[in-house]
Each structure stands twice: as C-alpha cells, then as structure tokens.
Engineer: 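Below you'll find the structure I mean.
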Amino acid sequence: MGLFQKLANFLGGRKREVNVLVVGLNNSGKTTVVNKFKNEEDRVSDIVPTVGFSVERFQNKNLSFTAFDMSGHGRYRDLWEHYYKDCHGIIFVIDSSDRLRLVVVKEELDLLLQHPDICNKKIPILFFANKMDNKEALSSVKIASGLGLDKIMDKPWHISSSNALTGEGLQEGVEWLTQQIRDMIMAKT
C-alpha cells in the first residue's frame, strides 16, 4: 500500500469494517450497550435477553462496526469462542452491582484470554463496568482489581464506568476502542 493510500486511510478517507465481540454474563447490559451505539432511529425500545447471539451494526469515526452480541447465559457461553478468530476487538460488559458473580466473570475472562485464537493476538479489550448508578455497584477500580486486569500485559485494555440506560461512559469507551482498532489496522498496512 502506497503512502498516499495510508494517509487517506489515516485521515478517514476510507471507511473500514471491523468485527467486535460483545460478551459478559447474562443481565450485564450487553444488548443495551450495543443499542445505545446504534443510530437513534435504529434503536429498539424494549430490550429482551439475547438467546444465542444477535448481530448489530453501528459506526464510530470512520469505522463501521459489526457487533456480535453474545448471550451471557451459561449454556450459551461456549458459543463465544467460535467468533474469536475474526474479531478486531472485544467489549466485555460487567454488571458492577452483581458482586456475587464477579468470580464467574473472572473465570470467563480467564478462559477467553487463554483461548488459542485470543492469547497470541494483541486484540484490544474494552471493559464496561456497567450499572454504575446502582448503589451496590463496585467502582471500576475495584472491578479491575477483582478481575486482575493489571496482569493483562500482552493486550491493550481499558475499563470504563458506564450506565447503559443513560449512555453515561459509553462514548468514552467506544472512542478508546475505535482508536485502538485504527492503530492496529494502521500497523498492519
């Protein structure tokens, strides 16, 4: 690829399509998060639990995201790994008020990080510490500590406190993810 093409891509002259995987335990707010990223006219008003997975599209900057919103129910979590190979980024949504299941979140995160399609890639992971408006919510610092995020040395990661119902904290997180994916794409060209 020539210098002019690289410059055009960097300046946003060409829209890129990327795949992101949206994971987390059931009832963490994954579908609500993805719904907030969609154009207002494409949003749904009634969010129902995802069975299996759903595919949604949204845009940020010059990236066109295809989001694979995966069910977080126990019997469907095995499906996640079938989408690891082709994803450019991961959005991991955590219900920060669900203290009891933080151990399960850590187990699922560890399984994800050890998977052969993930462990050798510098894939960016965005964590949303969701439901921060709940009085029982742990801070994003406590969630990061509980999940051992400081031990993730081989991948860029970011944790953002969020409230998917109001949209608070979501834009900051998706901006970070967009930049990470753009940097990753530029490094490959």
Side-chain angles (χ1 to χ4, degrees), residues 8-73 76-77 79-80 82-84 86-98 105 108 112 123-140 143-144 156-186:
N9 287 346
F10 180 73
L11 294 175
R14 214 171 90 192
K15 192 176 288 186
R16 299 294 283 237
E17 293 188 17
V18 297
N19 296 327
V20 293
L21 199 58
V22 183
V23 297
L25 301 187
N26 55 312
N27 200 36
S28 60
K30 298 176 299 298
T31 303
T32 306
V33 165
V34 172
N35 193 49
K36 279 291 187 189
F37 290 140
K38 296 188 317 187
N39 291 328
E40 200 151 338
E41 62 272 3
D42 295 331
R43 291 182 188 159
V44 295
S45 56
D46 293 328
I47 304 290
V48 296
T50 304
V51 176
F53 71 96
S54 68
V55 179
E56 301 290 347
R57 289 180 170 72
F58 65 91
Q59 294 185 19
N60 189 47
K61 307 275 183 186
N62 265 4
L63 287 183
S64 179
F65 287 85
T66 299
F68 294 88
D69 178 7
M70 306 302 293
S71 174
H73 200 278
Y76 295 114
R77 288 186 213 138
L79 291 175
W80 297 2
H82 298 287
Y83 296 87
Y84 292 163
D86 296 321
C87 73
H88 299 95
I90 296 172
I91 298 174
F92 202 119
V93 183
I94 302 147
D95 178 347
S96 57
S97 66
D98 191 352
V105 171
E108 292 298 336
L112 182 149
I123 188 165
I125 305 173
L126 169 61
F127 296 92
F128 279 123
N130 199 28
K131 303 185 182 182
M132 292 305 287
D133 57 316
N134 190 312
K135 65 180 182 176
E136 302 295 317
L138 294 169
S139 70
S140 59
I143 288 176
W157 63 270
H158 176 76
I159 188 165
S160 181
S161 297
S162 66
N163 177 344
L165 294 175
T166 65
E168 184 180 348
L170 298 182
Q171 193 60 36
E172 171 212 332
V174 81
E175 293 285 337
W176 176 87
L177 184 62
T178 300
Q179 189 59 51
Q180 292 298 316
I181 292 173
R182 288 176 82 182
D183 291 350
M184 186 173 67
I185 290 170
M186 290 302 296

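Quick note: numbers below take in every heavy atom, side chains included, and nothing from hydrogens, waters or symmetry partners.
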Engineer: Indicate whether the side chain of H158 and that of Q180 have a donor and an acceptor atom separated by less than 3.5 Å.
Structural biologist: no

Engineer: Quick one: do V33 and F128 satisfy side-chain contact (heavy atoms from CB on, under 4.5 Å)? Show the steps, please.
Structural biologist: CA-CA 9 Å; V33 165; F128 279 123; 3.9 Å; yes

Engineer: Rounded to the nearest 0.5 Å, what separates atom NZ in K36 from atom OG1 in T31?
Structural biologist: 14.0 Å

Engineer: S28 versus I94: any side-chain heavy-atom pair under 4.5 Å?
Structural biologist: no

Engineer: Is the closest basic N to carboxylate O distance between E175 and K61 below 4.0 Å?
Structural biologist: yes

Engineer: Between R16 and N62, does the side-chain contact (heavy atoms from CB on, under 4.5 Å) criterion hold? Intermediate values first, please.
Structural biologist: CA-CA 6 Å; R16 299 294 283 237; N62 265 4; over 6 Å; no

Engineer: Can you see which heavy atom on R43 is nearest to which on N35, and at what distance?
Structural biologist: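 Nearest heavy atoms, R43 then N35: CG-O, 3.1 Å.
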
Engineer: Out of curiosity, E172 CD to L126 CG, how far, rounded to the nearest 0.5 Å?
Structural biologist: 8.5 Å

Engineer: Provide the closest heavy-atom pair for G169 versus S160 in the form atom of the first, atom of the second, distance.
Structural biologist: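 Taking G169 first and S160 second, the nearest heavy atoms are O-OG, 2.9 Å.
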
Engineer: Suppose we screen for side-chain contact (heavy atoms from CB on, under 4.5 Å). Which residues come up paired with D86, at least two apart in sequence or across chains?
Structural biologist: N19

Engineer: Could you check whether any side-chain N or O of K30 sits under 3.5 Å from a backbone N or O of G24, counting only pairs where one atom can act as donor and the other as acceptor?
Structural biologist: yes

Engineer: Show your working on side-chain contact (heavy atoms from CB on, under 4.5 Å) between N60 and Q171 and close with a plain yes or no.
Structural biologist: CA-CA 9 Å; N60 189 47; Q171 193 60 36; 3.4 Å; yes

Engineer: Which atom pair, heavy atoms only, marks the closest approach of A164 to N130?
Structural biologist: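 Nearest heavy atoms, A164 then N130: N-OD1, 3.0 Å.
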
Engineer: Taking all non-hydrogen atoms of both residues, which atom of L79 and which atom of G52 are closest, and how far apart?
Structural biologist: CD1-CA, 3.9 Å

Engineer: Side-chain contact, heavy-atom cut-off 4.5 Å: V20 with I181?
Structural biologist: yes

Engineer: Counting only heavy atoms from other residues, nucleotides and ligands, does the tally under 6.0 Å from CD of E41 exceed 12?
Structural biologist: yes

Engineer: Could you tell me whether a side-chain N or O of T178 sits under 3.5 Å from a main-chain N or O of V174, the two making a donor and an acceptor?
Structural biologist: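 Pair found, side chain donor or acceptor close to backbone of V174.
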
Engineer: Taking the side chain as C-beta and beyond, is there a heavy-atom pair between R57 and K38 under 4.5 Å?
Structural biologist: no

Engineer: Measuring centre to centre across the rings, with the benzene-like ring taken for any Trp, is F53 within less than 6.0 Å of Y76?
Structural biologist: no

Engineer: Taking all atoms of both residues into account, what is the closest heavy-atom pair of M132 and S139, and its distance?
Structural biologist: CE-CA, 3.8 Å

Engineer: Mind checking the CZ-CH2 spacing from F92 to W80? Nearest 0.5 Å is all I need.
Structural biologist: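 If I round to the nearest 0.5 Å, the distance is 5.0 Å.
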
Engineer: I want to check something: taking the side chain as every heavy atom from C-beta on, are T166 and D133 in contact at a cut-off of under 4.5 Å?
Structural biologist: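 Heavy-atom side-chain distance check fails, nothing below 4.5 Å.
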
Engineer: Enter the distance from N39:CG to Q59:CD here, rounded to the nearest 0.5 Å.
Structural biologist: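 Rounded to the nearest 0.5 Å, the CG-CD separation comes out at 7.0 Å.
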
Engineer: Under a 4.0 Å N-O cut-off, is there an ion pair linking K131 with D95?
Structural biologist: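 Salt bridge between K131 and D95, a charged N being under 4.0 Å from a carboxylate O: yes.
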
Engineer: When you measure from the side chain of S162 to the backbone N and O of E168, does any donor-acceptor pair fall under 3.5 Å?
Structural biologist: no

Engineer: For the CG atom of L63 and the CZ atom of F65, what is their distance to the nearest 0.5 Å?
Structural biologist: 5.0 Å

Engineer: Do you know the tightest heavy-atom contact between A144 and I159?
Structural biologist: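 Taking A144 first and I159 second, the nearest heavy atoms are N-CD1, 4.1 Å.
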
Engineer: Are V18 and T66 close enough that some pair of their side-chain heavy atoms sits under 4.5 Å apart?
Structural biologist: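 No, too far: nothing below the 4.5 Å cut-off.
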
Engineer: Can you find a heavy atom in the side chain of C87 that is under 4.5 Å from one in the side chain of I123?
Structural biologist: yes

Engineer: How long is the straight-line distance from CG of L21 back to CD1 of I91, given to the nearest 0.5 Å?
Structural biologist: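 Between atom CD1 of I91 and atom CG of L21 there are 9.0 Å.
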
Engineer: State, yes or no, whether a side-chain contact exists between S64 and F58 at a heavy-atom distance under 4.5 Å.
Structural biologist: no

Engineer: Take V23 and V93 through the test side-chain contact (heavy atoms from CB on, under 4.5 Å) and record every step on the way to the result.
Structural biologist: CA-CA 6 Å; V23 297; V93 183; over 6 Å; no

Engineer: I want to check something: taking the side chain as every heavy atom from C-beta on, are F127 and S140 in contact at a cut-off of under 4.5 Å?
Structural biologist: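 They are not in contact (no side-chain heavy atoms under 4.5 Å apart), so the answer is no.
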
Engineer: Can you check whether P49's main-chain N or O pairs, donor with acceptor, with N26's side chain at less than 3.5 Å?
Structural biologist: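 Such a contact is absent between N26 side chain and P49 backbone.
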
